[in-house]
Every structure is written in C-alpha cells, then in structure tokens.
Amino acid sequence: MNTGNWLDDWPSFMNTADLTAFHQTSSALLEQLAADRTLLARLVDEIEHDPDRQAGCRITLLLNRLCLYRAPECGFEIRVNMNPRRANQVVPHDHSYYLASRVLRGGYLHAVRRRTDGWEGDFISADLLPAVVSIESPGSTYALGHAMVHQAVMLPGTIALFVRSPRWKPASHAAADLMPAASSWHEYRAMRRELRARGVIRVMPGWPAGVRDTVTARLLTRHHGRTIRTTGEEHTVSTILTLDHPAWQYSDTNVPVRAVRSGSGLWALAWTADGLDARCVEGGEDAKPRVLATDAHDLPDRVPDAVAGELRRLGQTYRLANPCLWDAVTTAILRQVVRADQARKVYRRWCSTHGTPVAAPQGSLLSVAPAPGQVLDLSDTAFEMVGAKFHRPKLRAAAAAYLEHYQSWTSMSPADLVAALIAVPGIGPWTAAAAAADFTGDFSVYPHNDLAVRTWAARIAPDHPWPGGDEEFGRHWLELAGPTPHHLHTLTLTTLTWGAHARVTEHTEHGVAAN
C-alpha cells in the first residue's frame with residue numbers, strides 16, 4: 001500500500017532479528033508519527049474508504065485495533081490500539097512477530113513473563129514465572145521479541161500506537177487456561193470519534209461540518225447487525241440503538257449515555273452490550289424507561305427492492321421511547337428552523353445551564369431539561385445566553401399549556417396527541433408530529449416528508465424516481481408504506497436509522513424544516 005507519505009520509507013528497516021535495533025528503529029518511527037498529527041488524522045480517516053486497512057481492523061480479546069498503515073508484501077503494519085477490556089488482560093500471551101508500542105493516552109502496567117517450559121508452542125499460566133514489570137506512561141515506548149510472553153494491564157481510555165514486523169512464527173499463543181470468550185467490538189466511527197475527542201487526531205480541513213462535531217456523532221452505536229471480523233471467528237451483533245435524540249452522549253468509555261425524567265424519578269441510562277442499563281438516581285422507580293424494537297423485515301412488499309434490501313440489512317433495531325412528554329416537546333421546539341447539529345448544541349446548553357444534573361453510571365455528568373414551571377420563571381436573558389432567544393415565546397407558551405393539559409396529553413393516542421399539540425401557539429404540524437413520535441415511539445405519525453427522510457431515501461436508492469416536492473414525496477411515501485400504520489412506522493424509522501450508516505464524510509447533517 002503506497003500512501004505517498006514518509007511512512008513508505010520505513011518497512012525495509014523493520015525486518016531484523018536484533019531486538020535492540022528493532023527497538024531503536026521503531027521508537028524513532030512511532031515518535032515521529034505521534035508528532036505528525038495531520039498524517040495521523042489522515043490515516044484514521046482513510047480507513048473508511050480503504051478495504052485493505054478495514055480488513056486489518058480487529059476485535060481481539062484484549063482491545064480494539066485500527067489498522068493505520070500496511071505493507072503486506074513485507075509484513076509491516078502500524079495500528080492504533082484502544083478500548084482495552086481490563087477483565088481479559090490477565091491473559092499472558094506472546095506474538096508471532098516483533099512489536100513496539102508507544103503510549104499516547106492513559107498508561108498501563110506491563111509485565112514480561114519467563115516461560116519454564118521452553119520458548120515455543122502452547123502454554124498455561126503454571127508454565128510462567130514473573131520476570132520484568134514496568135509502568136508505561138504517555139510518551140514511553142517498549143519493544144518485544146516474538147518469543148517473549150507479556151501482559152499489558154491498561155488503564156481505561158488508554159490509546160497506543162503499535163508497529164509490528166514480519167511474522168517470525170506461524171501463530172501466537174496465550175495461556176489457554178485463562179482465555180475468556182470473545183466480546184463485541186465498537187464500530188470504526190465510534191473509535192474515530194474517541195480519537196478526536198481525546199485530542200489524538202484532529203479533524204482534517206475540508207471535511208463537512210457534520211464530521212467536525214466529535215461529540216454529536218449521530219444516531220447509532222455498538223456494531224449494527226453486520227458480520228464483523230474477530231480473532232478466529234465471525235459473528236453478527238444486533239444491538240442497534242437509534243440515538244436521534246440530542247440527550248444521548250458518549251461516555252469516556254465510549255458508551256452511549258443519557259439522563260431522563262420518567263414518572264417521579266430521574267434516571268441515568270447507558271446502552272451496553274447487554275441492552276439498556278437504567279438506574280434511578282433520584283425519586284421513585286414507578287416508571288422504568290423502555291426501549292421499543294422495530295424489525296426491518298416487517299417492511300411491506302410494495303417497498304422497492306433497492307430500498308427494502310438495504311433497510312432489511314439492519315435487522316431488528318431499538319429506540320428509547322422518550323418517557324417525558326415535556327422533554328419531547330422541548331426538543332422538537334429547539335429543532336425548529338436551525339440545523340440539526342446546532343439544535344443539538346442548543347439543547348445541551350439549555351439542559352446543562354437551566355436543567356437538573358444527573359450522574360451517569362459510566363462516569364459522565366448529564367442533565368435533563370428544566371421542568372415547565374422552571375421555564376416560566378426564566379428571564380429573557382436566560383434564554384438568550386443559551387442561544388434560545390428565537391424559541392423563547394414558543395417554549396413559554398408550551399410550558400403553560402403543558403402544565404394545564406399534561407394529564408390528558410400523556411394518555412392520548414399518537415394521532416390525537418399531534419392534534420392537541422398543534423393547538424399550542426408556536427407548535428405547528430412538524431413540531432407536533434416530531435414530539436409525538438419521540439414520546440410514543442410511534443413513527444407512523446412522524447413528519448415522513450421531513451428533509452431527513454427524503455435525504456436518506458434518495459441516498460439508499462438514488463435511481464428510484466423520488467418526487468422532488470415535499471407534498472409529492474409525502475404522498476409517494478404513504479403509497480409505499482400502504483394503509484397499515486405499522487408499515488409506515490417501520491419504513492420511516494428504519495430509513496432514519498439507516499442514515500447513521502451513510503458515510504459521514506459524504507454529507508453534512510441535515511437541516512430541519514420549521515412548522
């Protein structure tokens with residue numbers, strides 16, 4: 001792989017059996033790469049478009065890795081190692097090649113073990129004795145030969161550069177009696193977001209604005225119903241969570257977290273490999289938040305094959321039904337007129353400045369939106385300081401109406417709720433439909449001629465004759481869905497969900513139409 005950069009000159013220097021020479025050469029290489037943040041950012045961004053480097057990205061039992069550079073003809077490779085799984089790092093292991101690693105963030109306890117049964121073949125923990133223990137911190141580099149057994153117990157959030165030589169033996173080995181089962185992998189984009197957020201790489205000049213916001217990183221996380229490569233196996237993970245609501249954020253451990261009001265309680269939520277982790281941190285547990293499943297295989301037969309085939313690849317997806325109608329109304333109002341990325345920022349400032357803080361289980365400090373009574377007590381300046389001057393009269397009118405009608409609103413059907421919300425000054429059909437869909441989880445009432453739906457539909461099936469106007473598109477969408485609300489819900493929500501899989505470097509995030 002020729003990338004046209006100074007790395008192309010290094011592979012020939014790495015094929016040596018002299019560990020001291022390998023250490024010196026690799027230390028110089030990794031030090032230069034760590035300092036060249038422009039090249040480092042470019043290498044990470046290019047992975048998404050390079051099948052060769054994608055094939056080198058892996059889940060292992062110890063951590064995740066991104067393949068930055070490969071020279072397959074000589075077995076040379078540079079990686080980023082991150083997302084350590086501390087529970088699995090008790091496993092001593094060797095490698096089939098020489099390696100060197102430089103810590104960029106975090107650190108770890110590094111232990112090199114001495115084998116008592118020779119230097120080749122399989123082994124168990126009883127075959128090992130302690131030898132050398134060191135503390136690796138940011139800026140330090142170590143090197144290992146292929147016969148050396150080691151453990152690297154990494155701190156949470158540790159990120160390291162890694163370079164390997166050609167193979168010196170057919171396979172690596174690990175203490176067989178300590179080996180755990182394989183676990184799931186965070187997707188590439190989530191790993192890239194973390195590298196940006198931690199300051200390891202910068203956003204390349206010229207990327208669309210939607211790529212620059214490393215915290216607002218769109219709708220999905222975990223791995224999403226596709227076959228992914230792991231060490232020694234392939235498997236499919238179907239834990240797609242739609243993160244369209246701006247309250248969802250990523251924790252320091254790259255887990256989606258959110259705070260919500262539900263019933264009489266404040267809840268901290270996290271989406272883990274086991275599903276929704278919901279913890280009540282204040283108040284009563286009378287109304288536990290819930291996620292609703294949508295199966296893309298339920299799409300009606302009249303949906304064009306080009307659309308249905310792509311959406312059905314998602315399989316079953318999940319979305320949190322917003323347990324707080326007031327938050328759903330607030331969110332929809334703040335999305336009026338402005339672009340979605342700006343609306344997300346305003347919503348978060350609104351919550352963090354005037355709302356109630358909530359400690360999340362993954363270590364993040366989150367906030368919920370201010371209650372309607374609090375909103376009515378805010379001064380004009382309080383709205384302006386968070387960028388909500390335009391929304392001020394609408395939020396006040398909505399707060400007053402909510403306090404008067406919330407008991408009846410929360411028991412209405414989705415369609416009736418839309419009609420009731422439209423009666424509030426400042427809430428039009430788009431805002432009412434978006435709020436009702438968020439609260440009830442029923443996307444058959446979502447404004448299906450929304451720009452987001454039209455954008456993703458055209459991206460999914462560019463050759464389909466999609467109507468150009470809003471009203472014409474809406475009628476066509478209803479024809480595709482048919483008369484069953486369930487089919488309309490499935491078609492609309494899975495299309496919005498699919499949008500998170502579109503290449504973020506190909507577009508800016510969609511704007512939102514006003515009422």
Side-chain angles (χ1 to χ4, degrees), residues 1 3 5-8 10-11 13-15 22-23 25-37 39-85 88-89 93-108 110 136 138-146 150 152 154 157-168 172 174 185-196 198 200-201 228-232 254:
M1 181 187 70
T3 61
N5 60 63
W6 56 263
L7 287 175
D8 297 335
W10 283 84
F13 296 103
M14 308 302 288
N15 190 7
F22 180 85
H23 187 204
T25 303
S26 57
S27 294
L29 164 64
L30 296 179
E31 181 178 8
Q32 185 174 348
L33 180 57
D36 192 343
R37 294 182 61 201
L39 175 59
L40 194 57
R42 192 186 106 194
L43 294 174
V44 172
D45 285 329
E46 287 175 345
I47 293 172
E48 190 166 17
H49 311 287
D50 186 342
D52 180 55
R53 275 182 277 177
Q54 288 175 14
C57 298
R58 295 284 195 280
I59 169 183
T60 72
L61 293 173
L62 303 179
L63 44 76
N64 296 345
R65 78 189 197 207
L66 291 175
C67 177
L68 299 183
Y69 182 97
R70 304 184 93 185
E73 67 280 1
C74 58
F76 173 77
E77 186 172 308
I78 301 175
R79 308 168 184 162
V80 168
N81 288 339
M82 57 192 296
N83 302 129
R85 281 170 279 281
N88 294 350
Q89 293 178 37
H93 59 282
D94 65 13
H95 295 266
S96 60
Y97 40 73
Y98 283 41
L99 68 91
S101 183
R102 178 185 178 91
V103 180
L104 301 180
R105 299 288 187 274
Y108 45 85
H110 187 223
E136 305 295 340
S140 67
T141 301
Y142 69 86
L144 288 177
H146 68 85
H150 76 134
M154 305 168 76
T158 295
I159 300 171
L161 287 173
F162 177 100
V163 62
R164 54 155 287 184
S165 76
R167 290 185 182 273
W168 286 85
S172 59
W185 180 51
H186 292 291
E187 66 169 352
Y188 154 72
R189 290 177 185 168
M191 296 166 72
R192 180 173 63 182
R193 283 195 299 271
E194 181 174 349
L195 292 175
R196 289 173 177 165
R198 301 286 302 284
V200 175
I201 64 173
I228 60 176
R229 186 186 300 273
T230 66
T231 301
N254 210 33

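The basis for the numbers below is simple: all heavy atoms, side chains too, and nothing from hydrogens, waters or symmetry mates.
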Notebook entry, point to check: Can you name the residues that form a side-chain hydrogen bond (donor to acceptor under 3.5 Å, both in side chains) with His146, not counting sequence neighbours?
Noted result: none

Next item on the list: Report yes if some heavy atom in the side chain of Val200 is under 4.5 Å from a heavy atom in the side chain of Arg105; otherwise report no.
Entry: yes

Notebook entry, point to check: Are side-chain heavy atoms of Leu195 and Met82 found at a separation under 4.5 Å?
Noted result: yes

Checklist line | Side-chain heavy atoms of Leu7 within contact of Leu29, under 4.5 Å | finding: yes

Item checked: For Ser101, side-chain hydrogen bond (donor to acceptor under 3.5 Å, both in side chains) partners two or more places apart -> Tyr108

Notebook entry, point to check: Under 30°, 30 to 60°, or over 60°: which ring-plane class applies to Tyr98 and Trp168, parallel, tilted or perpendicular?
Noted result: tilted

Next item on the list: Say whether, by atom type as modelled, one donor and one acceptor occur between the side chain of Gln54 and the main chain of Ile47 under 3.5 angstrom.
Entry: yes

Next item on the list: Report the relative orientation of the aromatic rings in His95 and Tyr97; use parallel for angles under 30°, tilted for 30 to 60°, perpendicular for over 60°.
Entry: tilted

Checklist line | Results of side-chain hydrogen bond (donor to acceptor under 3.5 Å, both in side chains) for Ser96 - residues two or more places apart only | finding: Arg167

Notebook entry, point to check: Is there side-chain contact between Val163 and Tyr69, with heavy atoms separated by less than 4.5 Å?
Noted result: no

Notebook entry, point to check: Which residues pass the ring-ring contact (aromatic ring centres under 6.0 Å, His included) test with His23, sequence neighbours left out?
Noted result: none

Check: Hey, mind stepping through Asp36 and Trp6 against side chain to side chain contact (heavy atoms under 4.5 Å, CB included) and telling me if it holds?
Finding: CA-CA 11 Å; Asp36 192 343; Trp6 56 263; 2.9 Å; yes

Checklist line | Set of side-chain hydrogen bond (donor to acceptor under 3.5 Å, both in side chains) partners for Asn81, sequence neighbours left out | finding: none

Item checked: Results of side-chain contact (heavy atoms from CB on, under 4.5 Å) for Ala34 - residues two or more places apart only -> Arg102, Leu104, Leu161

Notebook entry, point to check: With sequence neighbours excluded, what pairs up with Phe162 under the ring-ring contact (aromatic ring centres under 6.0 Å, His included) test?
Noted result: none

Checklist line | Non-hydrogen side-chain atoms of Glu136 and Thr158 separated by less than 4.5 Å | finding: no

Next item on the list: Please step through side chain to side chain contact (heavy atoms under 4.5 Å, CB included) for the pair Arg53 and Leu43, ending with a clear verdict.
Entry: CA-CA 10 Å; Arg53 275 182 277 177; Leu43 294 174; 3.7 Å; yes

Margin query: Could you check whether any side-chain heavy atom of Leu63 comes within less than 4.5 Å of a side-chain heavy atom of Met154, counting everything from C-beta outward?
Written below: yes

